[in-house]
Engineer: 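Okay, here's the structure, questions in a sec.
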Amino acid sequence: TQSTRPQRLLAAVHKKATRGNPRSVVKAIDEFCNQNEWAMNVGNEKGEILDSVVSETNPGCVLELGTYCGYSTVRIASLLPPHAQLITLEFNPDNAAVARQVIAWAGVAEKVRLVEGESGEWIPKMKEQFGVKTFDLVFLDHWKNRYLLDTKLMEECGLLKKGSVLLADNVVCPGAPDYLEYIRNSPQYKSQFFKSHLEYTKAEDGLEKSVFLG
Ligand SMILES: O=C(NCCCCc1cc2cnccc2s1)c1cc(-c2ccc(F)cc2)cc(O)c1O
Ligand SMILES: [Mg+2]
């Protein structure tokens, strides 16, 4: 049977990356996507912006919406302080299966909780199921037409506190216009746009960083 692109990406990680070395896993995926097949990982250019936001936030509790193959999961987890936890949601079980193996190969599995399911179902369960109080950082990289809905859902569920940081991928391409409109005009957020490019291409894209003011 034909392999899928995530399976071919995983094979490249096993072949090229050193087990237990997150940076080598990130490098192997970027090489695969630059030389073999495009894939919707955040990529290295936007990934460096992600790294800087994670480092400056120094989060104890992180939520990632949209795991895909675990590329940004590994980037984030490799920068977390000891005992910090990252919960990542993926709705596609085949992608989740690949991501689990990428995360394990990188040696960051004990910092990561991968949950298979949809954001609308799981965000309301975060406190009761995982003992989450609030998230210090949320990386939005799932369905672009759910960024706004899920941000409002997180507010309603009391999952954001003063200083919580939202970082949204793809706010230019594919775009999340309703999210940008809301977050840039809301008095409850201070937003900043980081201009960049769509992963592995010259197309315009960028990340929107928004701090919840409470
Ligand atoms: O769709 C994108 N990412 C979302 C996949 C949604 C799956 C999930 C839904 C869901 C719901 N609940 C919980 C977890 C999850 S995971 C995406 C697409 C492009 C792109 C594609 C073609 C193109 F020409 C130009 C850009 C680039 C990107 O960086 C992306 O992130
Ligand atoms: Mg993305």
Side-chain angles (χ1 to χ4, degrees), residues 4-7 9 26 29-30 32-34 36-54 62-77 86-103 112-126 129-130 132 135 137-157 159 165-180 183 193-210:
T4 64
R5 181 169 308 181
Q7 285 169 336
L9 181 150
V26 167
I29 295 173
D30 285 331
F32 174 80
C33 293
N34 277 311
N36 304 80
E37 303 182 60
W38 187 91
M40 62 179 170
N41 315 115
V42 74
N44 197 51
E45 189 180 310
K46 290 187 287 178
E48 287 177 354
I49 299 165
L50 170 63
D51 292 352
S52 63
V53 171
V54 174
V62 184
L63 174 65
E64 175 179 64
L65 299 174
T67 316
Y68 188 45
C69 293
Y71 174 92
S72 48
T73 320
V74 167
R75 286 195 86 118
I76 295 167
L86 164 57
I87 297 173
T88 183
L89 267 57
E90 175 54 49
F91 92 108
N92 178 310
D94 299 324
N95 294 350
V98 165
R100 288 188 199 286
Q101 296 182 72
V102 168
I103 290 159
V112 176
R113 184 78 178 264
L114 196 163
V115 178
E116 288 181 40
E118 295 198 19
S119 50
E121 179 203 336
W122 280 96
I123 285 171
K125 293 181 188 171
M126 282 296 156
Q129 294 283 330
F130 305 115
V132 168
F135 290 113
L137 172 67
V138 181
F139 181 51
L140 297 93
D141 194 20
H142 64 323
W143 287 318
K144 310 314 161 193
N145 63 5
R146 282 220 50 124
Y147 283 16
L148 178 52
L149 253 172
D150 289 333
T151 296
K152 288 182 173 174
L153 189 55
M154 287 187 284
E155 290 171 12
E156 285 153 24
C157 294
L159 287 167
V165 173
L166 303 184
L167 187 66
D169 189 26
N170 310 117
V171 295
V172 175
C173 175
D178 61 342
Y179 174 78
L180 283 187
I183 207 92
F193 176 63
F194 292 86
K195 187 174 167 55
S196 186
H197 295 92
L198 177 69
E199 49 267 27
Y200 317 114
T201 78
K202 292 186 168 50
E204 278 205 20
D205 191 15
L207 301 169
E208 187 84 358
K209 177 194 171 192
S210 305

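Along the sequence shown, residues are numbered consecutively beginning with 1. Order of listing sets the numbers, starting from 1, for every ligand and every atom in it.
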Engineer: Taking heavy atoms and a distance under 4.0 Å, where does Asn41 meet ligand 1: side chain, backbone, both or neither?
Structural biologist: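 The answer is neither.
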
Engineer: Work out whether the distance between some heavy atom of Gly117 and some atom of ligand 1 is less than 4.0 Å.
Structural biologist: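 Flag set, Gly117 near ligand 1.
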
Engineer: I need the nearest protein heavy-atom contact for atom 10 (C) of ligand 1: residue, atom name and distance, please.
Structural biologist: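 For atom 10 (C) of ligand 1, the nearest protein heavy atom comes out as His142 CB, 3.7 Å.
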
Engineer: Restricting to N, O or S atoms of Asp141, which is nearest to the Mg ion (ligand 2)?
Structural biologist: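 This residue's closest N, O or S atom turns out to be OD1.
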
Engineer: Is atom 24 (F) of ligand 1 close to the protein, meaning a heavy atom under 4.0 Å from it?
Structural biologist: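 False for atom 24 (F) of ligand 1.
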
Engineer: In sequence, state the C-alpha distance, the side-chain angles, and the governing distance for Asn41 and Cys69, and then conclude on side chain to side chain contact (heavy atoms under 4.5 Å, CB included).
Structural biologist: CA-CA 8 Å; Asn41 315 115; Cys69 293; 4.3 Å; yes

Engineer: I want to check something: taking the side chain as every heavy atom from C-beta on, are Met126 and Cys157 in contact at a cut-off of under 4.5 Å?
Structural biologist: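 No; the side chains remain at least 4.5 Å from each other.
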
Engineer: Checking a contact table here: which protein heavy atom is nearest atom 29 (O) of ligand 1, and how many Å away?
Structural biologist: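 Ranked first by proximity to atom 29 (O) of ligand 1 is Glu199 OE2, 2.5 Å.
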
Engineer: Which protein heavy atom lies closest to atom 30 (C) of ligand 1, and at what distance to 0.1 Å?
Structural biologist: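 Here the closest protein heavy atom is Asn170 OD1, 3.3 Å.
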
Engineer: Of the backbone and side-chain N, O or S atoms of Glu199, does one lie nearer to the Mg ion (ligand 2) than 2.8 Å?
Structural biologist: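 So Glu199 does not count as coordinating the Mg ion (ligand 2).
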
Engineer: Using 2.8 Å as the threshold, say whether any N, O or S atom from Asn170 sits that close to the Mg ion (ligand 2).
Structural biologist: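 Looking at Asn170, which is the residue asked about, there is an N, O or S atom under 2.8 Å from the Mg ion (ligand 2).
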
Engineer: What I want to find out is whether Asp205 reaches Lys202 closely enough, with some N-O distance under 4.0 Å, to be called a salt bridge.
Structural biologist: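 Looking at Lys202 together with Asp205, the answer is no, because their closest N to O distance does not fall below 4.0 Å.
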
Engineer: Given side chains that start at C-beta, do those of Arg5 and Asn36 come closer than 4.5 Å, heavy atoms only?
Structural biologist: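 SC-SC contact between Arg5 and Asn36 ruled out.
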
Engineer: Hey, does Tyr200 sit under 4.0 Å from ligand 1 if you only count heavy atoms?
Structural biologist: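 Checking ligand 1 against Tyr200, which is what was asked, there is no heavy-atom contact under 4.0 Å.
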
Engineer: What N, O or S atom of Asp169 is found closest to the Mg ion (ligand 2)?
Structural biologist: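 Within Asp169, restricted to N, O or S, the Mg ion (ligand 2) is closest to atom OD2.
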
Engineer: Tell me which protein heavy atom sits closest to atom 5 (C) of ligand 1, plus the residue, atom name and distance to 0.1 Å.
Structural biologist: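 Protein heavy atom with the smallest distance to atom 5 (C) of ligand 1: Met40 CE, 3.8 Å.
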
Engineer: Nearest heavy-atom pair of Glu90 and Tyr68: which atoms, and what distance?
Structural biologist: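 Scanning both residues completely, I find the closest heavy atoms to be OE1-N, 2.7 Å.
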
Engineer: Verify the ring-centre separation between Phe130 and Trp122: is it less than 6.0 angstrom?
Structural biologist: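 Yes, they do, as the ring centres are separated by less than 6.0 Å.
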
Engineer: So is Lys144 in contact with ligand 1, going by heavy-atom distances below 4.0 Å?
Structural biologist: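 Right, Lys144 reaches ligand 1.
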
Engineer: Would you compute the distance between atom CZ of Arg75 and atom CD of Glu48 and round it to the nearest 0.5 angstrom?
Structural biologist: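 The CZ atom of Arg75 sits 6.0 Å away from the CD atom of Glu48.
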
Engineer: Side chains of Tyr200 and Asp30, heavy atoms from C-beta outward: is any pair under 4.5 Å?
Structural biologist: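 Side chain of Tyr200 against side chain of Asp30, heavy atoms only: contact under 4.5 Å found.
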
Engineer: Should Leu65 be listed as contacting ligand 1, given a heavy-atom distance under 4.0 Å as the test?
Structural biologist: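 The answer is no, since Leu65 has no heavy atom less than 4.0 Å from ligand 1.
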
Engineer: Just to be sure I read this right, does ligand 1 sit under 4.0 Å from the backbone of Thr67, its side chain, both, or neither, counting only heavy atoms?
Structural biologist: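 For Thr67, no heavy atom sits under 4.0 Å from ligand 1.
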
